[in-house]
Asks: 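The structure under discussion is supplied below as structure tokens; questions concerning it will follow.
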Amino acid sequence: MKKISIICAIIILVSITLTGCSGRKPDNVGIVHAIGIDKADDGFELSLQVFRVSSAGSQTPIDSSKTNVEIISAKGKTIANAVELCENQLGKEMFFGHNQLLVINKKVDDIYSCLNYFINNDDAYIGMIVAASEKSSKDIISADISSGTVAAETMKKIFDISKKDGYSIDSRFFKVVSDYIDTDGTMVLPLIEKRSQAIADKSKESGEPAQDSLEIKKAILVNNSKFSKVLDIDEVFGINYFLGDIEDADMTVKTSYGTESVTLKSIKEKAEVSEKDDGVKIEKNITVGITLEKEESKEHRDEIKQEVEKKVTEYINKAVEKTLKQDLSDVLEITTLIRQRDYNLYKKLTADREEFLKKVSVSAKVNAVY
Amino acid sequence: MKISSWQLLILLFLSRIFITITYFTLEDVSPSVMMSTTAFSVAADMILVIPAIILYKKYPNENVIRSAFEISKSFGIVLFVLYFIFAIFMIFRTVRFFLYFFENAFLNLLPTLVVGAMLIAAAAYVGHLGIEAAARSSSIVFVAFLLLIIAVIATTAEDFDLNNYYTEPVGTNDILNGVVHGISRSSEMVVLVLLLPYLKNGIGKSVYGFLILKLLFVEMIALLCILFLGGYMAAVPFPFFTVCGFAKAPFVERLDAAFLVVWTLMGVIKLSLYTISLRPSAVLLKPLNNNAVTNLVPFVLGGVPALYFAYKEQMIIPLLDNEITACAVLLLGSLVPLAVLILRRLKHEKN
């Protein structure tokens, strides 16, 4: 009796915890790896990069030399509507738990409504990268990147490395939504571009088929749920240095000894918040670490240090000018900083966000160390 | 059958933390208000639990219903009925929340009814095995829970943003709302006054250990979600589950799979406690002096309606309302034991 009881208990408990292993096979679920959203005449055009269980030309279900994905797209008045139409086309229920990339075309009017579908979809992976594209986002997610098991994984790696080097902003889904909520409507997304020519030229020499590549060297501001100003690479660097998000960025500096290449890393930032007239003044002390390629004399090192400090300060000033002064976008996390330091001041100043951002003055003092 | 103070502590803790990892949100309050009101609510628990401690110290082999029987049989029967209804109500509430979470947080590969029926069957089975089986299982589940928490913290720590935490002045209304909210999530206070006869010794260690552990882990989970999710926390109904969905460990792609296992086992233990706690007093009532009846009837009366409403996709909000549950917990977890103590003393003095 005791044995039967134990067996019964094991069966019941195990069957409860194995609810994901029921009769559905992977080929009955559309595993989405990348999503592209473009503007359509009456709503959105949604493109999905979906995992193909048996890729063309392969003997095995997963072939790392093939793309292993297919692109399907549908137009709908809402994202939910377009997802349904994609499901009808494929005859599968879409699963967004493995999605790596969400690309939104610059022409899309309401960014938050695109994000909102995935906020309400509890399966969606919150670590997916959100990016913008100036050209068709369908074209981006269809890029022929054959390295890796699925193209989206390689795309995600491109973002990870770009972020580490300072070329891209941290635009993971939960981060951008959090910024959007905290700043009452602003965020910044990396702007992704597809390049074919460079690789194609190379492939002519090697005789290999042409491949696409993705490049991230710009970003775009989102203000009141609409795309706004485009940021160049210096301004993207400025945001990353200001927020202390640089992990391993290269910089070229000119000194009296010649042109030097150094590697930089954010070490710490300390902010002072004070009331100024009817606004607020933020002074940020930013420390960046310098790594040299080889040992240099003290004078040379001092000169490099000064040049690095000057250049990082320039980047930050450019970012402040474009985002805060020109666009009144709070992508430098001014609101959350003030909220954390002085809640009463935050409540007093942020009733009218645009008026508040007009009255904010930001200065940065950069200290480079070896 | 008796259990140690440590086992009782773990049983109560798992039962409570199940609620925290299922559902809590920052919809209307700031992080500091949420965290400080949690502390106030635990402080209130520490006061409310005093009658249970005195009851155990005076009558170590009795619970509140048995003590009521010593005053008068009819008083005992009335209390038994009240606690029996409470058990049915809490089984209904727990199963409905479990299925609500299941419907909304997971890709629905199995019918909700089947999952709910299996949950009730597992809980009824553990209830049938009794306190010892539940206590032993809870130690294993507790270790699994600790491992889950460690894995989640280790894999998300590099994304903590201290700017996400901010302090807002806490008003009297915030404190009152927080305390009511906290009490509504403390059905263990009621279970405790019924489980007393099972305890070998060390009531203080069990109860205050449970409250301290509860404070520590509820605050820790809240802080983890706040620092990691920031403003995103206001947009999602199940923040801890969302964090688990992001966290990757070397042994598993997403920790929400591990979460599902631990969470389900916690749910089984929580549900089984409601019928196990009725057993010491049910033996005093002849028609209910049958293990199967005491064990199965609350699951049928509470579980089947929960399955029905889950099938109909209705939440039955009034029955899940915080104020109603808070009043029931306050009454049955503190005021009734206090009344029993006073009446018993009066009877003793009269004799």
Side-chain angles (χ1 to χ4, degrees), chain A residues 2 5-6 8-24 28-29 93-98 115-116 118-128 170 172-184 243 271 333 335-344 346-347, chain B residues 30-32 101-111 114-115 118-126 128-129 133 137 159 161-169 228-238 241-243 245-248 253-254 256-258 260-265 267-268:
Chain A
K2 200 177 175 183
S5 301
I6 291 168
C8 286
I10 290 170
I11 290 170
I12 290 171
L13 291 176
V14 169
S15 58
I16 279 186
T17 57
L18 288 180
T19 46
C21 302
S22 68
R24 290 209 180 180
N28 291 338
V29 176
E93 191 181 340
M94 294 302 163
F95 177 63
F96 296 99
H98 290 292
L115 301 180
N116 205 31
F118 299 99
I119 294 171
N120 295 325
N121 184 319
D122 293 297
D123 296 327
Y125 177 51
I126 62 164
M128 65 179 158
D170 185 359
R172 284 172 296 171
F173 183 72
F174 73 99
K175 287 274 183 197
V176 294
V177 174
S178 180
D179 287 347
Y180 189 92
I181 292 170
D182 284 338
T183 61
D184 197 17
L243 298 177
E333 299 179 2
T335 312
T336 49
L337 180 68
I338 298 171
R339 187 181 65 183
Q340 199 216 26
R341 297 300 167 87
D342 190 339
Y343 187 79
N344 291 329
Y346 160 79
K347 283 300 268 185
Chain B
S30 68
S32 61
F101 185 95
F102 190 84
E103 285 158 20
N104 290 282
F106 297 102
L107 195 62
N108 295 329
L109 299 177
L110 265 189
V114 175
V115 175
M118 283 199 292
L119 173 79
I120 292 169
Y125 181 69
V126 176
H128 168 75
L129 291 179
S137 318
D159 285 310
D161 184 352
L162 294 180
N163 278 344
N164 288 337
Y165 183 86
Y166 58 94
T167 48
E168 183 190 348
F228 181 78
L229 294 174
Y232 191 72
M233 195 168 159
V236 288
F238 316 118
F241 177 71
T242 304
V243 176
F246 174 81
K248 281 183 181 179
E253 179 69 13
R254 285 167 60 142
D256 46 1
L260 175 63
V261 175
V262 175
W263 172 73
T264 307
L265 293 174
V268 169

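Proteins come first, then strands; the chains are lettered A, B, ... in the order of their sequence lines, and each starts at number 1. Just so it is clear, the model here is predicted, and its values are computed rather than measured. Worth knowing before you read on, the calculation uses all heavy atoms, side chains too, and leaves out hydrogens, waters and symmetry mates.
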Asks: Is it the case that the side chain of A:Gln340 and the backbone of B:Leu162 share a donor-acceptor pair, with hydrogens and angles ignored and the cut-off at 3.5 Å?
Replies: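 Flag set: sc A:Gln340 to bb B:Leu162 pair under 3.5 Å.
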
Asks: Under a 4.5 Å cutoff for heavy-atom pairs, which residue among A:Ile126, A:Asp182, A:Thr336 has the most contacts with chain B?
Replies: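 Heavy-atom pair counts peak at A:Ile126.
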
Asks: Side chain from CB out, backbone as N, CA, C, O: work out which of these in A:Lys175 comes under 4.5 Å of a heavy atom of chain B, or both, or neither.
Replies: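 Side chain only.
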
Asks: Over all heavy atoms of both residues, which pair between A:Ile181 and B:Ala235 is shortest? Give the atoms and the distance, please.
Replies: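 Smallest heavy-atom distance, with atoms named: CD1-CB, 4.0 Å.
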
Asks: So for A:Arg172, is it side chain, backbone, both, or neither that comes closer than 4.5 Å to the heavy atoms of chain B?
Replies: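 Just the side chain, heavy atoms under 4.5 Å.
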
Asks: Report the distance from atom OH of B:Tyr166 to atom OG1 of A:Thr335, rounding to the nearest 0.5 Å.
Replies: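 These two atoms lie 12.0 Å from each other.
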
Asks: Is it the backbone or the side chain of A:Asn344 that comes under 4.5 Å from a heavy atom of chain B, or both, or neither?
Replies: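 Side chain of A:Asn344 only, per the 4.5 Å heavy-atom cut-off to chain B.
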
Asks: Which distance, rounded to the nearest 0.5 Å, do you find between the CG of B:Asp161 and the CD of A:Glu333?
Replies: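 If I round to the nearest 0.5 Å, the distance is 6.0 Å.
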
Asks: For chain B, find which of A:Tyr346, A:Phe173, A:Tyr180, A:Phe174 contributes the most heavy-atom pairs closer than 4.5 angstrom.
Replies: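 The option with the most such pairs is A:Phe174.
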
Asks: Between B:Thr242, B:Thr167, B:Asn163, who has the most heavy-atom pairs with chain A when the cutoff is under 4.5 Å?
Replies: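 Result: the option with the highest number of such pairs is B:Asn163.
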
